[in-house]
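One structure is given here, and the rest of the page talks about it.
For the single chain, residues carry numbers from 1 onward in sequence order. The basis for the numbers below is simple: all heavy atoms, side chains too, and nothing from hydrogens, waters or symmetry mates.
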Amino acid sequence: MKRSNIFYLIFVLTILAIRLEVFLFPSNKIIVDGIRINHFWIGVILILLVLFLSKNYNIIKMVLLPIGLGIVADELFFMIFSNRTLADYWSIYSIIGVITTTVIIFVIREKLASKIYK
């Protein structure tokens with residue numbers, strides 16, 4: 001299987017896993033020092049970590065980047081177009097945003113894989 005397809009598969013599975021987790025455990029929240037942390041920021045941290053890894057860590061980058069992008073894609077439109085309630089997470093704007101982002105990543109997956117995994 002090509003690297004770009006593996007990348008995309010991990011990306012989609014991450015979105016599905018996050019959506020399933022929120023569906024099964026809607027009250028499960030990450031709270032640090034009394035502040036609720038959206039999983040969006042965990043995805044951003046993973047993406048930044050990948051950008052600072054050297055070429056020697058291609059396998060780790062192959063896993064962490066699509067996971068980070070999947071986490072960010074799952075919550076991006078939810079954060080932009082909502083009041084950040086659970087109902088908004090399952091709103092049409094959030095779902096369409098995730099689908100749109102997934103299609104965009106599918107289209108550019110070859111380019112992403114070639115740039116990151118040199």
Given side chains that start at C-beta, do those of M79 and W41 come closer than 4.5 Å, heavy atoms only? yes
Side-chain heavy-atom pair V50, Y57 within 4.5 angstrom cut-off: no
Please check if the number of heavy atoms outside L20 that lie under 6.0 Å from its CG is greater than 12. yes
Can you confirm whether F40 sits close enough to I71 that some side-chain heavy atom of one is under 4.5 Å from a side-chain heavy atom of the other? no
Identified side chain to side chain contact (heavy atoms under 4.5 Å, CB included) partner of F78 from the options D88, V98, I95: D88
Within 45° of the ring axis of Y89 and under 6.0 Å from its six-membered ring centre, is that where the NZ or CZ of R19 lies? yes
Answer yes if L9 and I59 sit in the same cluster of Ile, Leu, Val, Met, Phe, Trp and Tyr residues linked by side chain heavy atoms under 4.5 Å apart, and no otherwise. no
Are K2 and E110 packed together at the side-chain level, in the sense that at least one heavy-atom pair is separated by less than 4.5 angstrom? yes
S94 side chain to S91 main-chain N or O, any donor-acceptor pair under 3.5 Å? no
How about V72 and H39: do any of their side-chain heavy atoms sit closer than 4.5 Å? no
Connected via hydrophobic side-chain network under 4.5 Å: L112 and L53: yes
Show the nearest heavy-atom pair for residues F7 and P66, with the distance to one decimal. O-CB, 3.3 Å
Count I, L, V, M, F, W, Y as connected when their side-chain heavy atoms are under 4.5 Å apart, and connections chain through other members. Are I60 and F52 then in the same cluster? no
For Y8 and I105, the nearest pair of non-hydrogen atoms, with its separation, is CD1-CG2, 4.1 Å
Compare all side-chain heavy atoms of L51 with those of L65 and state whether any distance is below 4.5 angstrom. no
I10 side chain reached by I67 side chain, heavy atoms, under 4.5 Å: yes
In this structure, OG of S4 is separated from CZ of F106 (nearest 0.5 Å) by 9.0 Å
Should I18 and F23 be regarded as members of a common hydrophobic cluster, given that ILVMFWY residues are connected when their side-chain heavy atoms come within less than 4.5 Å of each other, either directly or indirectly? yes
Can you tell me how far apart CD1 (I15) and CG (L69) are? Round to the nearest 0.5 Å. 9.0 Å
Is there a side-chain contact between I96 and F77 (heavy atoms, below 4.5 Å)? no
Establish whether I45 and V32 are linked, either directly or via other cluster members, by ILVMFWY side-chain heavy-atom contacts under 4.5 Å. no
